[in-house]
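Please read all numbers here as calculations on a predicted model, not as lab measurements. We number each residue from 1, following the sequence as shown.
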Amino acid sequence: MMGLKWILSLLVQKWAHPISLPETGSVLVATEKLDGVRIFERTVVLLLRSGTRHPQEGPFGVVINRPLHKKIKHMKPNNLELATTFADCSLHFGGPLEASMFLLRTGEKSKLAGFEEVIPGLSFGARNSLEEAMGLVKKGVLKPQDFRFYVGYAGWQLDQLREEIESNYWHVAACSANLIFGAASESSEGLWEEILQLMGGQYSELSRKPKQDI
């Protein structure tokens, strides 16, 4: 029994550590250089694609620690089926570029057609895969709470993101899936500090610094 408890404790353990280059499923953590840049200050961006698999396409992702404190039902979507299926799902600010994305927690299920895996157990979709998403809920494969919806997204040209990282606008980190989707609710606002503290050392110190007014 103790063995099982120990395994479960490892499964729920949260971790984050710095990595040198961005990759799909890694996170970009804003540094103090972005304090005063309202859209990105103190944000955590989950990279949905690092851009390296599609050379003509730069990296893109969604901000995962900016809940909008609104649900889909408050937005009165035109698609009645969407409004019904995902009525109580929270909306988050995903970034300044115009397109909506959603994350879905797939758990131990194999890759689901129509969605792109970000890390094991977590995939993403866009407007063109909403029908498939609603179908999964109707069939009972997933529940509405397995989805997180984002208004907008963040994107870069490949060299642009590399330059921003080299200029120390972002720290790049790998982190546990429960940090990414544990940012599921309104508590995600504390994610920036939490990831930096888990990264330790100089990163932990940054999490305690007061915001710079620029």
Side-chain angles (χ1 to χ4, degrees), residues 7-30 43-55 57-67 89-90 92-95 97 99-126 128-130 132-133 136-137 141-150 152-156 158 161-162 165 170-185 187-200 203:
I7 290 166
L8 287 172
S9 74
L10 285 180
L11 289 174
V12 298
Q13 200 168 33
K14 293 178 177 180
W15 55 266
H17 60 80
I19 57 176
S20 54
L21 292 170
E23 55 191 46
T24 298
S26 64
V27 293
L28 304 173
V29 186
T43 54
V44 178
V45 178
L46 171 65
L47 277 182
L48 302 178
R49 276 194 203 153
S50 61
T52 47
R53 278 188 309 163
H54 306 265
E57 171 191 84
F60 66 86
V62 286
V63 174
I64 57 173
N65 64 329
R66 286 268 181 90
C89 289
S90 296
H92 295 246
F93 169 75
L97 300 179
S100 294
M101 307 259 179
F102 59 88
L103 292 178
L104 57 153
R105 183 172 46 190
T106 56
E108 293 175 7
K109 298 170 188 67
S110 56
K111 290 180 186 178
L112 298 169
F115 307 100
E116 194 169 321
E117 190 173 67
V118 185
I119 56 172
L122 192 68
S123 297
F124 82 91
N128 60 358
S129 46
L130 272 172
E132 288 94 333
L136 290 172
V137 174
V141 177
L142 294 175
K143 297 173 183 161
Q145 55 264 41
D146 290 323
F147 291 80
R148 185 94 30 85
F149 290 85
Y150 297 86
Y153 74 104
W156 296 262
L158 193 56
L161 180 58
R162 197 179 295 127
I165 291 166
W170 302 100
H171 295 309
V172 188
C175 65
S176 56
N178 57 357
L179 269 174
I180 293 169
F181 214 89
S185 62
S187 62
S188 65
E189 286 169 306
L191 190 64
W192 183 82
E193 290 88 351
E194 187 175 8
I195 287 178
L196 286 168
Q197 284 162 16
L198 286 166
M199 288 168 75
Y203 306 103

Write down the atom of Cys89, the atom of Pro144, and the distance for their closest heavy-atom approach. SG-O, 3.3 Å
List in chain and number order the residues that pass ring pair (Phe, Tyr, Trp, His ring centres under 6.0 Å) with Phe93, two or more places apart in sequence or in another chain; answer none if no residue qualifies. none
From Leu112 atom CG to Leu136 atom CG, the distance as rounded to the nearest 0.5 Å: 5.5 Å
Check His171 against Leu196 and note the closest heavy-atom contact, atom names and distance. CD2-CD2, 4.2 Å
Are the side chains of Leu48 and Leu103 in contact, using a 4.5 Å heavy-atom criterion? yes
Restricting to non-hydrogen atoms, name the atom on Asn65 and the atom on Ser188 that form the minimum distance, rounded to 0.1 Å. CB-O, 3.1 Å
What distance do Ile64 atom CD1 and Tyr150 atom OH have between them, rounded to the nearest 0.5 Å? 6.0 Å
Please report the shortest heavy-atom distance between Arg105 and Gln145, naming the atom on each side. NH2-O, 3.5 Å
Could you tell me the separation between the CZ atom of Arg148 and the OG atom of Ser90, rounded to the nearest 0.5 Å? 7.5 Å
Mind checking whether Phe102 and Phe115 have parallel, tilted or perpendicular rings, split at 30° and 60°? perpendicular
The side-chain hydrogen bond (donor to acceptor under 3.5 Å, both in side chains) partners of Ser123 (sequence neighbours excluded) come to none
Restricting to non-hydrogen atoms, name the atom on Gly25 and the atom on Leu46 that form the minimum distance, rounded to 0.1 Å. O-CD1, 3.7 Å
Could you check whether any side-chain heavy atom of Phe149 comes within less than 4.5 Å of a side-chain heavy atom of Leu130, counting everything from C-beta outward? yes
Before you tell me yes or no, could you show the steps for Leu28 and Val172 under side chain to side chain contact (heavy atoms under 4.5 Å, CB included), namely the whole-Å CA-CA distance, both residues' side-chain angles and the distance that decides it to 0.1 Å? CA-CA 5 Å; Leu28 304 173; Val172 188; 4.1 Å; yes
In Å and rounded to the nearest 0.5 Å, what is the CD to OG1 distance from Glu117 to Thr24? 10.5 Å
Kindly determine whether Phe147 and Val137 satisfy side chain to side chain contact (heavy atoms under 4.5 Å, CB included), including the steps that lead there. CA-CA 10 Å; Phe147 291 80; Val137 174; 3.7 Å; yes
Please find the pair of heavy atoms, one from Ser26 and one from Ile19, that lie closest to each other, and give the distance. CB-CD1, 3.8 Å
Applying side chain to side chain contact (heavy atoms under 4.5 Å, CB included) to Leu198 and Leu179, what does each step give before you reach the verdict? CA-CA 11 Å; Leu198 286 166; Leu179 269 174; 3.6 Å; yes
Reported OH-to-CE distance for the pair Tyr153 and Met101, which is rounded to 0.5 angstrom: 6.0 Å
Apply side chain to side chain contact (heavy atoms under 4.5 Å, CB included) to Leu47 and Trp156, showing your working. CA-CA 11 Å; Leu47 277 182; Trp156 296 262; 4.2 Å; yes
Does Ser176 use its side chain to pair, donor to acceptor, with the backbone of Trp15 at less than 3.5 Å? yes
Would you compute the distance between atom NE2 of His17 and atom OH of Tyr203 and round it to the nearest 0.5 angstrom? 11.5 Å
Indicate yes or no: at least one non-hydrogen side-chain atom of Val29 is less than 4.5 angstrom from one of Trp192. yes
Could I get the full list of side-chain hydrogen bond (donor to acceptor under 3.5 Å, both in side chains) partners for Trp170, not counting sequence neighbours? Glu164
